Amino acid sequence: MPQTKLLIIDDEEDYASALTERLNLRNFDAAAVYEAKDALAAVEINHPDVILLDLCMPGMDAKDMIKAIKAVAPEVEIIIVSGHALPTAEIKQTALVKPIEIKELIEKINKAILKKQGAL
Amino acid sequence: MARETGIQRHLAFIGKIISLYTHEQKNHLAIINESAGLLGDMLEFSEEIKELPQARQLLDIIKSIDAQIKRSSEMAKYLNAFGHRMDSPTASFNVNGCVEEVLVLLNRLIAQKRITFKADYASGLPPITGNPSNLQLLVFMAMQTLVTVTRENTQIFVKTFSSNDSTIIRITPEGLDAPVDFTQQSDYFKPVRAVTINGSGIDIIIPVNSH
């Protein structure tokens, strides 16, 4: 079975690199970028199945970033991650608030994969 | 009017700083969480590290870090919500959430006197339109007054309920060293008012329609 490819887009390097290692230990194929400007290129190169996107990054409007990602990779699933309390019920359904329980994150990723495969 | 605008701006400023701070705090906690989590993973996934004599102790330390992260994250969540109450002088809000935030954030003050509080929040209370931050200030003032006259090692009961066209926050200590004396001396909180209940507690009365 091919590994699920994940891309973490988060400016907190220590957070993103530790999380990347933890996900890789759990048989995911995870990579991270720490700057919004590198995100689109990483999406095009890595072809991730799921993206973990920090809602609030310097120099990035999350809505615009989601649009841009979807333009280059329409099939990718995006999980929003935020340090903020989440603004709307719609976002709450698909997002996670930091700090995140690894179990909860993996459940969310697995759900996103099922959704991508059309099983949800 | 100009003074009220000034106060409102000041509150919005404090609220903004609090919400920015809690956002940063959550980010820091997330880093600690993942770093401690990675240590735990290394212990779990590496046979070599698992065999270290200190492995058990390391796992206990990681568990302790994890518990403190959860504790701090919960406080940050309440503090963030508290900060956002100051965003605007008028908002539609739920009384229970407003009261809960103040109680959680006052826990240290209450615990210093070895007092605990027990809350009983009515479900289905109608939303209130008004200034949630003002209401929280009044709840804080009432709690502060009550804590000074409440006997150590007792409980303070906080209950919300509907009565006629009002939502009431009733705060009653279990044991008192002196009668409760809480007179609301300012119009600042109108139309919300606070009254003492025979010297044994405080009712904060919030008109549902006219607030």
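On a predicted model such as this, the values are computed, not experimentally measured, just so you know.
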Colleague: Tell me which of these, B/S73, B/S35, B/A30, has more heavy-atom pairs under 4.5 Å with chain A than the rest.
Modeller: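 Counting heavy-atom pairs under 4.5 Å, the top option is B/A30.
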Colleague: Looking at B/D165, I want to see if its CG is surrounded by more than 12 non-hydrogen atoms of other residues, nucleotides or ligands under 6.0 Å.
Modeller: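 No, CG of B/D165 has 12 or fewer neighbouring heavy atoms, counting only those of other groups under 6.0 Å.
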Colleague: About how many Å separate CG of B/L38 and CD1 of A/I102, when rounded to the nearest 0.5 Å?
Modeller: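 One gets 9.5 Å once the value is rounded to the nearest 0.5 Å.
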Colleague: So how far is it from A/S82 OG to B/H23 NE2, rounded to the nearest 0.5 Å?
Modeller: 5.0 Å
Colleague: Taking atom CD of B/Q57 as the centre, report whether more than 12 heavy atoms of other residues, nucleotides or ligands fall under 6.0 Å from it.
Modeller: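 Result for CD/B/Q57: open.
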Colleague: With a sphere of 6.0 Å drawn around CD of B/E48, does it hold more than 12 non-hydrogen atoms of other residues, nucleotides or ligands?
Modeller: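 It does not: B/E48 CD has 12 such atoms or fewer within range.
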Colleague: Is it true that B/K26 and A/E12 make a salt bridge, defined as a side-chain N closer than 4.0 Å to a carboxylate O?
Modeller: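 A salt bridge is absent here (no side-chain N lies under 4.0 Å from a carboxylate O).
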Colleague: Do B/L29 and A/K98 touch side chain to side chain, with heavy atoms closer than 4.5 Å?
Modeller: no
Colleague: For the CG atom of A/D10 and the CD atom of B/E34, what is their distance to the nearest 0.5 Å?
Modeller: 10.0 Å
Colleague: Under 6.0 Å from the CZ atom of B/F13, do we count more than 12 heavy atoms belonging to anything else shown?
Modeller: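 No - once you tally the heavy atoms of other residues, nucleotides and ligands closer than 6.0 Å, there are 12 at most.
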Colleague: Please identify, among B/I69, B/I31, B/D66, B/D41, the residue contributing the most non-hydrogen atom pairs under 4.5 Å to chain A.
Modeller: B/D41
Colleague: Verify the neighbour count for atom NZ of B/K16: are there more than 12 heavy atoms of other residues, nucleotides or ligands below 6.0 Å?
Modeller: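 No, NZ of B/K16 has 12 or fewer neighbouring heavy atoms, counting only those of other groups under 6.0 Å.
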